[in-house]
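Computed over heavy atoms, backbone and side chain alike; hydrogens, waters and symmetry mates excluded.
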Amino acid sequence: MPGQQLAARDFKVTRQDLVRYAGASGDFNPIHFSDHAATRAGLPGVIGHGMLTMALTARAVTEWIGDLAEVLDHKTQFMLPLLVPDDGGATLSVTATISDPDDAGQRQLVAEATAGTTVVASSRLAIRPAAR
C-alpha cells in the first residue's frame, strides 16, 4: 500500500555477530572487534561492518515484501558507524515507507536504520511492479 509505514524490525548486533560476519566476509579489520584498535583509529569504540548494516536492512525488506528477488535496486548511504559496545551490543532498528508506484509501476521503499536516535544508514530500494 503506497505511503504505508512498515512496522519497525529490530536486530540485536553483538561483538560475537561482528566476529561471525568478519569470518563470512573476510573483513578482519580490528576496528570491528578491538576497542584498542578502534580508538587508535579515532573511533569512539568498535563499529559494525557497513555491509552488515546494509544486509540487515535487506533482511527486513525481505520480511516485509516476502522475496528479496522483488528488489530491483538497492542504494544505501551510510550516515554514521554502528557502535557496538561489548556489554550487550547495539540494537539496529529498521523502518521503511513504501511510495506510490511510478510510471513503470515500480515502488520505492525508503528504509532508515537507526541505533537509538542515531541514523546509521538510509536505503532506497526499487521494488518490482505488482503482477497485473
Side-chain angles (χ1 to χ4, degrees):
M1 171 173 272
Q4 177 183 4
Q5 179 73 33
L6 302 174
R9 175 63 166 93
D10 291 341
F11 297 97
K12 187 71 166 178
V13 180
T14 66
R15 295 275 178 98
Q16 187 175 12
D17 295 324
L18 299 183
V19 171
R20 285 184 182 132
Y21 188 82
S25 68
D27 181 354
F28 294 102
N29 188 325
I31 63 172
H32 300 303
F33 59 82
S34 166
D35 283 305
H36 178 71
T39 56
R40 280 189 44 212
L43 298 165
V46 167
I47 62 170
H49 302 76
M51 293 299 106
L52 175 59
T53 300
M54 193 167 92
L56 292 173
T57 302
R59 181 174 168 191
V61 169
T62 301
E63 292 173 0
W64 289 322
I65 65 173
D67 184 0
L68 196 56
E70 297 298 309
V71 176
L72 302 173
D73 189 39
H74 182 180
K75 296 177 182 163
T76 296
Q77 179 181 7
F78 298 101
M79 313 301 266
L80 290 169
L82 174 64
L83 295 175
V84 182
D86 195 24
D87 60 348
T91 299
L92 184 72
S93 183
V94 181
T95 57
T97 304
I98 299 174
S99 72
D100 290 325
D102 62 15
D103 291 341
Q106 288 184 8
R107 295 165 289 145
Q108 297 290 315
L109 192 147
V110 180
E112 187 172 84
T114 59
T117 58
T118 303
V119 176
V120 177
S122 178
S123 294
R124 181 174 294 276
L125 300 99
I127 309 298
R128 184 179 312 280
R132 300 182 198 263

Interatomic distance, [X] atom [atom1] to [Y] atom [atom2] [nearest 0.5 angstrom]:
X      : Y      : atom1 : atom2 : result
Leu18  : Asp27  : CG    : CG    : 10.0 Å
Thr57  : Met51  : OG1   : CE    : 10.5 Å
Lys75  : Arg124 : NZ    : CZ    : 9.0 Å
Asp10  : Leu92  : CG    : CG    : 8.0 Å
Gln108 : Ile98  : CD    : CD1   : 11.0 Å
Thr62  : Arg9   : OG1   : CZ    : 10.5 Å

Can you list everything that forms a side-chain contact (heavy atoms from CB on, under 4.5 Å) with [X]? Sequence neighbours excluded, please.
X     : result
Asp87 : Pro85
Thr14 : Lys12, Gln16, Asp17
Val71 : Val61, Ile65, Leu68, His74, Leu125, Ile127
Ser34 : Pro30, His36, Ala37

Considering all heavy atoms, the nearest [X]-[Y] contact:
X      : Y      : result
Ile47  : Pro81  : CG2-CB, 3.5 Å
Pro101 : Gly105 : CB-O, 3.8 Å
Thr53  : Ala113 : CG2-CB, 4.3 Å

Sub-4.5 Å side-chain heavy-atom contact between Thr118 and Leu83: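 Heavy-atom side-chain distance check fails, nothing below 4.5 Å.
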task: Scan residues 37-59 for pairs that pass salt bridge (Lys or Arg N to Asp or Glu O under 4.0 Å), counting only residues two or more places apart or in two chains.
output: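 Residue pairs passing salt bridge (Lys or Arg N to Asp or Glu O under 4.0 Å), neighbours aside: Arg59-Glu63.
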Group every Ile, Leu, Val, Met, Phe, Trp and Tyr by side-chain heavy-atom contacts under 4.5 Å, then state whether [X] and [Y] land in the same group.
X     : Y     : answer
Phe78 : Val94 : yes
Val46 : Phe11 : yes
Met54 : Leu82 : yes

query: Is a side-chain N or O of Arg15 found less than 3.5 angstrom from the main chain of Val84, in a donor-acceptor match?
result: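 Yes, the answer is positive, given that a donor and an acceptor are paired below the 3.5 Å cut-off.
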- prompt: Taking atom types as modelled, is there a side-chain donor on Gln5 or Thr97 under 3.5 Å from an acceptor on the other?
  reply: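 Looking only at side-chain atoms, Thr97 and Gln5 do form a donor-acceptor pair, the distance falling under 3.5 Å.
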task: May I have the step-by-step check of side-chain contact (heavy atoms from CB on, under 4.5 Å) for Thr114 and Val119, ending in yes or no?
output: CA-CA 4 Å; Thr114 59; Val119 176; 4.0 Å; yes
message: Quick one, Val13 with Leu56, criterion side-chain contact (heavy atoms from CB on, under 4.5 Å). Give me CA distance, side-chain angles, the key distance, then yes/no.
response: CA-CA 10 Å; Val13 180; Leu56 292 173; 3.8 Å; yes
message: Could you work out, with ring pair (Phe, Tyr, Trp, His ring centres under 6.0 Å) as the rule, every residue matching His49, not counting sequence neighbours?
response: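 Partners of His49 under the ring pair (Phe, Tyr, Trp, His ring centres under 6.0 Å) test: Tyr21, His32.
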